[in-house]
Each structure stands twice: as structure tokens, then as C-alpha cells.
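What follows is a short report on a single structure.
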There are 2 protein chains.
Amino acid sequence: MSIRDVATAAGVSYQTVSRVINNHPSVKPSTRDRVLAAIDELGFRRNSTALALASGRSRAVTVLTSNTTHYGYASILQGIEETARAAAYSVGVGVLESTDEADEAAIAAQVQRAADSGGGLIVIAYDPAGVRALGAVPAELPVVGVVETPASPPGDDRPWVWADDREAAYEATRHLLSLGHETVHYVAIPSSTRRTSARTTGWQQALREAGAPEPLPLQGSWGPAGGHTAGLQLAQDTDVTAILCGNDDLALGVIRALHEAGRPVPGEVSVAGFDDAPHSAYLTPSLTTVRLDFTGLGRSAFALLHGALEESAQIAPHPVSVPELVVRESSGPPPARG
Amino acid sequence: MSIRDVATAAGVSYQTVSRVINNHPSVKPSTRDRVLAAIDELGFRRNSTALALASGRSRAVTVLTSNTTHYGYASILQGIEETARAAAYSVGVGVLESTDEADEAAIAAQVQRAADSGGGLIVIAYDPAGVRALGAVPAELPVVGVVETPASPPGDDRPWVWADDREAAYEATRHLLSLGHETVHYVAIPSSTRRTSARTTGWQQALREAGAPEPLPLQGSWGPAGGHTAGLQLAQDTDVTAILCGNDDLALGVIRALHEAGRPVPGEVSVAGFDDAPHSAYLTPSLTTVRLDFTGLGRSAFALLHGALEESAQIAPHPVSVPELVVRESSGPPPARG
DNA sequence: CTGAAAGCGCTTACAG
DNA sequence: CTGAAAGCGCTTACAG
């Protein structure tokens with residue numbers, strides 16, 4: 001079942017069939033109708049592999065990401081898939097195993113694989129593996145990075161997309177300070193341990209402006225286990241009354257640790273997270289957190305890539321989705337001084 | 001940069017280059033070395049699109065799934081990607097929007113898209129949208145379904161993969177009964193509302209064997225919101241002392257609802273979930289649940305598909321991963337009778 | 001062991 | 001408006 005079969009059935013040459021399926025203007029309406037009828041009758045579907053080979057354009061996007069079981073990552077992927085589908089693009093995924101020491105070779109191999117499969121690339125670069133992958137992309141390959149707020153405004157040649165998580169961390173920290181806490185501690189997601197990390201920067205800025213003590217950030221992992229470890233440590237220090245966490249899972253682990261240490265939330269310690277995962281509103285206590293529009297980020301990332309890949313597609317401006325602080329039960333005033 | 005450039009550089013015909021990159025035996029070692037050297041020097045990488053078109057095999061798998069932000073779905077995808085990568089397959093994803101009334105046309109379109117992209121197909125069919133997609137796959141397309149435990153053992157021609165969730169539901173229910181509860185209520189995930197649903201069946205079987213009353217299952221959604229609604233309803237009935245939920249998110253919503261209704265868990269009501277999501281161990285109370293090996297399921301699904309796609313790959317037997325009951329704080333004996 | 005031909009299903013100029 | 005040619009980068013028989 002090829003273009004030639006359709007041509008035979010319609011009594012035209014196969015080039016004419018090609019014109020019809022490509023909406024080429026110069027085809028006599030009656031001819032077009034005959035061809036369309038034949039396509040319909042035979043159930044013809046154009047072979048996308050041949051299309052890609054002949055045209056050099058593949059209408060494909062590969063998403064490179066770490067562990068997709070994290071809510072934010074999965075939501076971004078969902079947003080990309082949704083927009084990509086609407087644009088008739090196929091979406092592939094490559095997982096960057098986030099081993100403790102991210103394997104350079106494995107990351108390079110994943111980037112290569114993505115390049116081989118043609119089309120464009122979107123890299124979710126919230127973590128070290130993603131950041132390295134983004135750095136390993138060859139110059140000629142169209143790529144969009146989903147990143148933390150950059151330290152300095154990137155040039156227009158930097159196809160990046162981000163939520164303003166520096167501002168978000170700033171707001172969340174100010175919220176906790178406004179409740180009367182002397183300072184706010186921070187349990188970081190992996191990439192945030194660098195001084196340039198957006199969330200860390202926003203948190204520090206809020207502390208500095210308030211003249212509050214600036215404790216060192218604690219290193220967390222991505223999951224609740226890391227939060228639990230950090231939480232047990234922070235629970236030892238009775239001066240700690242407010243903790244901001246790099247994501248909701250971390251916050252969950254911290255709250256659990258505080259519970260085990262006999263320090264009630266928010267009675268003795270306030271905790272806030274990042275992401276607003278679906279379950280965060282249903283925890284007890286429900287979690288104060290910052291809602292990030294991950295799906296929107298995914299959509300923006302694809303739109304930007306689409307613009308780079310096809311002239312006809314409009315090039316979106318640097319899209320910045322606005323995070324929103326959601327105050328729930330896990331944050332409150334500090335305990336009365338003893 | 002093509003096979004011809006390599007041929008020129010190595011001083012051979014391009015067919016010989018083809019033989020070398022395909023590990024064809026009949027190539028003189030010295031020739032092979034020259035070709036390999038040229039490949040290395042030029043940084044040649046074989047064009048996978050041309051390979052697919054010429055050979056008719058695409059080394060690609062498309063995963064059709066509903067909302068990938070759910071832990072189980074994302075884990076299955078992760079397992080597939082891992083094994084697929086090892087086999088040098090690319091993995092594509094298509095999301096089945098799980099609107100209230102799953103749109104037949106949209107589902108059919110996604111199946112078509114997957115078919116067009118060549119290679120094989122894996123459908124995650126835990127929910128109505130997935131089940132329909134699996135049913136809409138044309139006979140000639142190689143497909144593997146990740147499904148709930150089938151009602152009756154399928155023939156070997158049914159390329160299905162599942163965890164034994166009927167048995168798992170049975171065990172979880174028995175656990176709750178063994179603690180002294182008179183009966184166990186069930187909050188179902190969407191697909192489980194059919195009489196044939198594996199989890200529902202396992203739950204009912206345990207009740208029947210124990211001679212316990214068999215309440216009607218409650219309809220939940222996939223997320224905590226559905227659990228919350230169901231939980232508020234169940235909280236009204238003080239006879240309810242044990243609730244099994246179709247997944248951990250549902251359980252989380254139920255626990256929250258019970259909390260709001262002033263019915264402590266596990267003091268007055270015991271709750272158990274399904275999945276063992278990463279955060280479930282860190283909830284307060286930590287969640288009794290059934291751990292399902294989703295990643296393993298994904299791996300098995302790909303192995304089965306790989307076997308169907310390539311004769312050389314070994315065909316795995318029907319792989320059944322064994323779920324494991326994890327008892328934590330959310331389940332305990334019923335309150336003493338008044 | 002290696003080369004020359006035909007073809008996978010399309011598109012892109014080139015003719016008319 | 002429509003057809004005939006060449007080619008995308010490979011593989012698969014067919015020759016020798």
C-alpha cells in the first residue's frame with residue numbers, strides 16, 4: 001500500500017498523489033477529488049519513515065529526562081506530548097539514569113541516540129544528569145532545555161524555558177518569615193546545592209532582605225527518603241522552626257521525621273514544599289507549597305522547539321509561567337518562646 | 001556523511017561498509033579494519049531512518065498510556081525504556097487522554113499514530129481508555145498489553161503481562177480480616193468497577209471465604225480527590241472499620257477524609273492501599289499497601305514484544321511478578337466494641 | 001570475499 | 001496543472 005497504488009487507483013501519476021497529500025495548490029479540483037477518494041477507499045496512510053528520509057524532516061521530538069516517576073518530570077512530559085500530538089509530532093523518551101555519579105558516557109550515548117532518531121530534542125535539566133545532557137548536545141541539533149531560573153537572563157539564542165522558581169522560593173520564604181519565624185532552613189534537591197541554584201538563591205535573598213540568619217542548605221535527594229534524613233537532623237535543633245523543601249516529596253519526608261522526633265507540624269515546626277503534587281493537598285497536615293505549572297512548561301518547550309524546527313510555526317517569546325504560593329496547614333506561627 | 005563517504009575513505013564499495021556495520025561474517029579482516037578505522041575517523045553513525053525504510057524493521061516501540069503522572073504508569077514506562085535501550089530500541093509515548101467518556105476517535109487515532117511510527121506497541125491497559133486502545137489494535141501490529149490479572153488464563157497467543165493483583169487484593173483483605181475486622185470495604189480505581197476486575201474479585205473472594213458481609217465497592221477515581229470523596233461517605237457509617245483502596249493515592253484521600261471526620265487511622269479505621277508508591281512509607285500514619293513490581297512489568301512487556309519482533313530474541317514465558325503485602329501503621333485491630 | 005543493481009516509499013526540482 | 005527523473009541512505013538478493 002503505497003503512493004503508487006493510490007495513483008493507479010485514481011488514474012494519475014504518483015507525483016500527483018504526493019501533491020494532494022501535501023496540499024500543494026496546483027492540483028485540479030476534480031483530480032484532487034479522485035485522488036482523495038482513492039486514498040479513502042484504499043485506507044492509504046503515508047509512510048512516515050519514507051517521508052522523513054526523503055524530506056529530511058522527521059516531525060519527531062525526543063525528551064531526555066531523569067526518573068519520570070517524579071511528578072514534575074512526568075507532568076512536563078505530559079505537556080510536551082499533548083502539544084506535540086496536536087502538531088502531528090511523535091514523541092520519544094530517553095531516561096537519564098541518575099546514578100550517584102552520573103555516568104558521562106551513558107549521558108553522551110543518550111544524547112547520541114536522540115540525535116540519531118532525528119527531529120528535535122527537549123532536555124529536562126533540573127538535575128545534574130539533565131544539565132550535563134543539555135551541555136553535551138551538539139550545536140547543530142535543535143534543542144530546548146527546561147531549566148531552573150537562570151542566574152542571568154540568557155540571550156535569545158538560548159532556547160530555554162523555566163518557571164520562575166527563584167521568585168517562588170523567595171515568596172515561600174517570605175511567607176514563613178511573615179509568620180514570625182526567625183529564619184528558614186532549606187532542604188535542597190540535588191541540583192540546588194550549587195550556589196547558582198535558583199531556588200537556593202531565592203531563599204537566601206529573602207533571608208538576607210529580612211536580616212535573618214542564613215543557615216547552610218541541607219543536601220536532600222529527590223525522594224522522601226532524603227527529606228527524612230534531613231528532617232531527622234534538623235529535628236535535633238530546637239531552634240529550627242521553619243523548613244522550606246526543594247520539592248513536595250522532600251517535605252513529606254521532613255514532616256515524617258519531625259513526627260518521629262516528636263516535633264509536631266505546624267505546632268513546633270512549619271514546613272513548605274515545592275511543586276504542589278496532587279496528593280499534597282490531602283496530606284495531614286496538608287502541605288503549604290508552591291504550585292508550578294509543569295504541564296505549561298512542557299507545552300512552552302515544545303512550542304519553542306516547533307518554532308525552531310519549522311519556519312511556518314510561530315516562535316514563542318521566552319515563556320515564563322508564574323508559580324503560585326498555596327498556603328495550607330503545614331505552615332503557621334512559631335511556638336511561643338519558652 | 002553517509003555509508004558512501006566511509007567507503008571512499010576506506011577505498012572499498014559502500015556495500016562492503018554495509019557488511020561491516022551489520023557484522024556480516026564474510027569480510028576480510030584487513031578490509032574490516034580499514035572500514036572500521038574510516039568509520040571511527042569520520043565519526044560515522046548509521047542513519048536509522050534509512051535503515052528502517054530499507055530493512056522494514058524499525059527497532060522502535062510505542063507505549064500507549066493514560067496519565068503518566070501516576071506512579072505505576074510512570075514506573076512501567078521506566079522499565080520499558082530501560083530494557084528497550086539495552087536492546088537498542090527507541091521508545092515513543094502516546095498519551096490516552098482519560099476524559100470522563102473516553103473518546104473512541106481519539107483513542108483510535110493514537111493507535112493509528114503508533115502503528116504509523118512502525119515497530120511494536122505496548123498498551124498499559126489498567127483503565128478503560130487503555131483497554132479500549134488495546135482492543136483497537138489491528139491484528140497485524142505486534143502488541144503487548146500490560147493488564148490486570150485476567151479473569152481466565154489467556155491462551156499463549158495473548159501477549160499479556162500482569163502482576164497478580166487478584167491474589168494481592170485477596171491477601172490484603174485477609175490481612176485486614178485477620179486483625180479482627182468484621183468486613184472490609186473497597187474503594188475502586190476506575191476499571192475495577194467492572195465485575196471482572198481482578199482486584200475487586202480478589203477482595204470479594206476473601207470476604208466470601210471468611211463468611212464476611214460483602215458491601216458494594218465504591219467508585220473512586222485515580223487520584224486522592226476520588227478517595228477523599230469516597231472516604232467522607234464511608235466515614236458516616238461507624239460500622240466501617242477497614243477500607244482497602246485500589247491504589248495509594250486513593251488511600252491517601254480516604255485517610256484525609258477520615259481525619260476530617262474525626263475518625264483516627266488506624267485507631268478507629270484501618271486503611272490499606274495498592275502500589276507502594278515511594279511516599280507511602282513516609283506518610284503519617286505510614287501506609288499498609290501492596291507493593292507491585294511495575295518496573296519489572298515494564299521489562300517483561302518489552303521482552304515479550306522483543307521476542308515477537310525478532311526471532312533471535314528469546315520469547316519469555318508469561319511473566320507474572322509477585323506482589324508483596326507491606327504492613328505499616330495504617331492497619332490495626334478494630335476499636336473495642338461499645 | 002567483494003562489487004554492481006534494484007528497491008524501500010516518499011520528496012524535490014525539472015520539464016512540459 | 002501534471003508527468004518523468006533523480007535521490008534521501010540504507011539493505012537485499014544477484015553476480016563474480
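These numbers were taken from a predicted model, which means no experiment stands behind them. Lettering of chains follows the sequences in order, A, B, ..., and the numbering in each one begins at 1.
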Which is true for [X] with a 4.0 Å heavy-atom rule: it touches a base, it touches only sugar-phosphate, or it touches nothing?
X: A/T49; value: nothing
X: A/R46; value: sugar-phosphate
X: B/L53; value: base

Separation of [N] [atom2] from [X] [atom1] (nearest whole Å):
X: B/H24; N: D/dC14; atom1: NE2; atom2: C1'; result: 13 Å
X: B/L42; N: D/dG9; atom1: CG; atom2: P; result: 14 Å
X: B/R32; N: C/dT2; atom1: CZ; atom2: P; result: 9 Å
X: A/R4; N: D/dA4; atom1: CZ; atom2: C1'; result: 11 Å
X: B/N22; N: D/dC10; atom1: CG; atom2: C1'; result: 9 Å
X: B/I21; N: D/dT12; atom1: CD1; atom2: P; result: 11 Å
X: B/R57; N: C/dC8; atom1: CZ; atom2: C1'; result: 12 Å
X: A/D116; N: D/dC10; atom1: CG; atom2: C1'; result: 14 Å

Listed nucleotide nearest any side-chain atom of [X], set [options]:
X: A/T16; options: C/dG3, D/dG9, D/dT2; result: D/dT2
X: A/S18; options: D/dT11, C/dT11, D/dC1; result: C/dT11
X: A/S26; options: C/dC1, C/dT11, D/dC1; result: D/dC1
X: B/R19; options: D/dT2, C/dT2, C/dG9; result: C/dT2
X: B/Q15; options: D/dT12, C/dG9, C/dC1; result: D/dT12
X: A/Y14; options: D/dT11, D/dG3, D/dA5; result: D/dA5
X: A/S2; options: D/dT2, C/dG9, D/dT12; result: C/dG9
X: A/A54; options: C/dC10, C/dT2, C/dT12; result: C/dC10

Test B/R132 against every option in B/I107, B/V123, B/L96 by the side chain to side chain contact (heavy atoms under 4.5 Å, CB included) rule and name the one that passes.
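One option only clears the test, and that one is B/I107.
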I need the minimum non-hydrogen distance between B/R19 and B/V27, along with the two atoms involved.
CB-CG2, 3.8 Å
What are the two closest non-hydrogen atoms of B/V131 and B/A125, and how far apart are they?
CG2-O, 3.6 Å
Using a 4.5 Å cut-off on heavy atoms from C-beta on, say whether the side chain of B/V6 contacts that of B/V35.
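A side-chain contact exists here, since the closest heavy-atom pair is under 4.5 Å.
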Can [X] and [Y] be counted as having a side-chain donor-acceptor contact under 3.5 angstrom?
X: B/S117; Y: A/S90; answer: no
X: A/Y126; Y: A/D165; answer: no
X: B/T68; Y: A/Q78; answer: yes

Both atom distances under 3.5 Å, Watson-Crick or G-U wobble: I'd like the secondary structure of DNA chain C as a dot-bracket string, with | for pairs made across strands.
|||.||||||||.|||
Could you measure the distance from the CG atom of A/L304 to the CD1 atom of A/I122? Nearest 0.5 Å is fine.
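Reported value, rounded in 0.5 Å steps: 9.0 Å.
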Are any of B/T31's side-chain N or O atoms less than 4.0 Å away from OP1 or OP2 of C/dC1?
no
At less than 4.0 Å, is any side-chain N or O atom of B/S13 found next to OP1 or OP2 of C/dG3? Yes or no.
yes
